[in-house]
Protein chains: 2
Amino acid sequence: MRTIKIGLLGFGNVGSGAYALLNANLEDIQRKVGALVEVKRVVVRDTSKARPVAYDPALLTTDVEAVLGDPEIDVVCELIGGVDPAHEYVLRALRAGKQVVSANKELIAKEGESILREAQSHSCDFLFEGAVAGGIPIILPMKSSLAGNRVDQVKGIVNGTTNYILSKMTLEGAEYSDVLAEAQRLGYAEADPTSDVEGFDAQYKIAILSSIAFTSRVSVEDVYVEGITRVSQSDIRYARDLGYVIKLLAVGTRSGTDCVQVRVHPALIPQRHPLASVNDAFNAIFLRGDAVGDVMFYGRGAGMMPTGSAVVGDLIDTCRNLVHGCTGRIACTCYESRKVLPIDDLVTKYYLRISVSDCPGTLAAIAGVLGANGVSIESVRADAHDKAEAVWVTHAVREANMRAAIEQMEVLPEVYSVENWIRVEE
Amino acid sequence: MRTIKIGLLGFGNVGSGAYALLNANLEDIQRKVGALVEVKRVVVRDTSKARPVAYDPALLTTDVEAVLGDPEIDVVCELIGGVDPAHEYVLRALRAGKQVVSANKELIAKEGESILREAQSHSCDFLFEGAVAGGIPIILPMKSSLAGNRVDQVKGIVNGTTNYILSKMTLEGAEYSDVLAEAQRLGYAEADPTSDVEGFDAQYKIAILSSIAFTSRVSVEDVYVEGITRVSQSDIRYARDLGYVIKLLAVGTRSGTDCVQVRVHPALIPQRHPLASVNDAFNAIFLRGDAVGDVMFYGRGAGMMPTGSAVVGDLIDTCRNLVHGCTGRIACTCYESRKVLPIDDLVTKYYLRISVSDCPGTLAAIAGVLGANGVSIESVRADAHDKAEAVWVTHAVREANMRAAIEQMEVLPEVYSVENWIRVEE
């Protein structure tokens, strides 16, 4: 039986998890693969740092050449994160004919094209199940089990931190800033939470999912992005009264035969939608195919062991390919070039919360602006609080019209301010 | 570019669906596979029968040799159902070095071992994603993406007919027999509904899922099975009051290092469990792995196009293997032989609905029998209806004890009858 040798680049959270899992279930993994599997070297920045798992200290090195330059190493696991120097390391590994597994969403979202081209030209595997939604199998099912479908939409809750915050706001009635502070204390949110709360993490992930779903490269800049920092407890409560919950959604939609639209933003979704009950740090991805209809994949979207599970799944896949001499078996599927539509072309319903003066004619003035911009109204409710608020839900309309209406509304004398407006995803 | 030729055995619902999907998305499928793909012959019993899809009549033949005996045919799709003659056809195809795709749950549950052995000895693929839960990707994710995990439990709602019936009973308050009659009128249930309502369909599916999850063959007879025919509207209502819903669950559980337990029966599950909101004809499979934690896969568990999607996914997989010369790439994973525990060894909570006399001492008599058998009580409620009913929920206890207690209860003078008892799955 041959021995497949693995080199790890990075031994942080995910690297430690993958390493621990590989060793814990080694005998089963070797039987499934049909070969012996061994981690030969682990490249780290600091060999003296404490790690959360048991390991042989002789494996550790600070010299990346000990992996990239060792012809005995068949598979490189890139788990250092970020574009630089991960991009260069991955390209070098592929050029040396090594298989590569990565869980680096930023690298794949930004440099997936050049990496997959390099992999293809060397008939090598470049696998990245761990880059999106942690342990949830979604990349392989899309590339294989569901590959007979024309995918019309892929959408999901792909960021655990923001889902934790919005779940707490919904279930416990707390305000955004209080929940964020608590999440930071508990380690669920970073000291600098920007990447999560501004939606950038979800932006990378939906760029990757959409590229696969629509067989066409979607670059990070193509994704419209809006975070959750403006969602208030008022919005959560009004949404509930209207039969919705608010989630940070990442959505990719096919539009006509040659366009797609890809976006990340908070959205009102119906309480009965399967995504509505995905709470806390869980993730879920919902996909609509022309044959399969609606399918959903649910699980832990982050963490040492769930992401480790995805990395080890990819290792098993590439080891099987090595045993059967068929690395590079699943080619890059981005063979189309679809146009990405701007957010102005989105057609959806909107929720609007407006702080208004309490005098006669206020609702008429707002309704007049909406009507003049072609926005028709599904419902309106005016509540008397400290200052009067009116909450409107529109029928589906083009976003350009909605934005024009909001701009005009903000200068109406009857309107103090448009407090928030959120897209409604039916 | 080479042409891969496919022969279909059977052109019913699933066969037509797979054929229609393959043709609808042929260009994309060929790009993903890296080869031309063509259905060369379709074997049917009756060439004159009307089919729900457009097709070239010249493809149809009643002669199975036109597929099995044609050396040009690379892949055989077995979609005729049942064991006989499907088993023989599949073995013959594999012996001729052809790849086989099947959606035949009964065949795989009963004869999977002999078929996978034959496939392995010819380095052929035998793929069967469509056999369990229609279009939901579950077999490939278990064999690949999640293969690094030790799976501790796999459970699910895998029969659409019974889930439709129980959902209607829950959401609309109807009685079992009325909903069944309606389901039969609408075509959601067969004229003879035995296989669905007695749990036999789910029995095949959980035998397959457990065999993969626990890397050990679970035969159909190993699966304890109980259908939904005794679930009444009373049970549904009491369950709701207690915070549960009733679902037909198929459950496989690892027990210690070398045993498993596999069962199909109605169960009370907490209203907040992700499986609780899986309604109508939808299916879902919930899996717990040592690294990934809880994951769930949700979608349409049956139907021409969803099951067609799974069959075409398998076709894409085996076509890629043909192109790369690596058929038989994923070997049979049943390499262990775990003991299957009898249902008496199950340890769980129970819900009991007992029709009792209204005289003093009744509850004490029942509690006495429970206590004498080591069954402790979590809650009890006695309701006054036409005849008095008492509903008990026990703490977790061995099923053998529960059965002994019920037998003794049934002869108590204070007990008219034990109307129903249902396992509670937390």
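- Looking only at distances, a side-chain donor or acceptor of A/R240 sits under 3.5 Å from a matching main-chain atom of A/T170.
- Ranked by heavy-atom pairs shorter than 4.5 Å toward chain A, the options B/T333, B/I330, B/N279 are led by B/I330.
- One N or O on the side chain of A/N163 and one on the backbone of A/V278 form a donor-acceptor pair closer than 3.5 Å.
- B/M304 approaches B/N13 most closely through the heavy-atom pair CG-O, 3.2 Å.
- Aromatic ring centres of A/F297 and A/F286 lie farther apart than the 6.0 Å criterion allows.
- Contact residues of residues 313-320 of chain A toward chain B are A/G313, A/I316, A/D317, A/R320 (heavy-atom distance under 4.5 Å).
- Along residues 144-156 of chain A, the residues that come nearer than 4.5 angstrom to chain B, judged on non-hydrogen atoms, are A/S144, A/S145, A/L146, A/A147, A/G148, A/N149, A/R150 in order of number.
- Within the 3.5 Å criterion, the main-chain N or O of A/R338 finds a donor-acceptor partner in the side chain of A/S216.
- No side-chain N or O of A/K205 forms a donor-acceptor pair with one of A/N283 less than 3.5 Å apart.
- Within the 4.5 Å cutoff, side-chain heavy atoms of B/I108 are placed close to those of B/S102.
- Looking only at distances, a side-chain donor or acceptor of A/H324 sits under 3.5 Å from a matching main-chain atom of B/R329.
- For chain A, the option among B/E129, B/M305, B/K143, B/M296 with the highest count of heavy-atom pairs below 4.5 Å is B/M296.
- Taking both residues in full, the closest heavy atoms of A/S309 and B/V292 are given as OG-CB, 3.6 Å, listed atom of the first, atom of the second, then distance.
- Using a 4.5 Å cut-off between heavy atoms, B/V312 touches chain A through its side chain atoms alone.
- The backbone N or O of A/C124 sits nowhere less than 3.5 Å from a side-chain atom of A/T327 that would complete a donor-acceptor pair.
- The shortest distance between side-chain heavy atoms of B/F126 and B/Q120 does not fall below 4.5 Å.
- Between the side chain of B/R51 and the backbone N or O of B/F11, at least one donor-acceptor pair lies under 3.5 Å.
- Proximity to chain B at a heavy-atom threshold of 4.5 Å picks out A/D28, A/I29, A/R31, A/K32 from residues 28-37 of chain A, in numerical order.
- In terms of heavy-atom pairs under 4.5 Å with chain A, the best-connected choice from B/G135, B/P306, B/G328 is B/P306.
- Residues B/C334 and B/S211 form a side-chain contact, since some pair of their non-hydrogen atoms from C-beta on lies under 4.5 Å apart.
- Screening residues 285-301 of chain A for side chain to side chain donor-acceptor pair (under 3.5 Å), with sequence neighbours left out, gives A/R288-A/D294, A/D290-B/N25.
- Residues B/L275 and B/K247 have side chains not in contact (no heavy-atom distance under 4.5 Å, counting atoms from C-beta outward).
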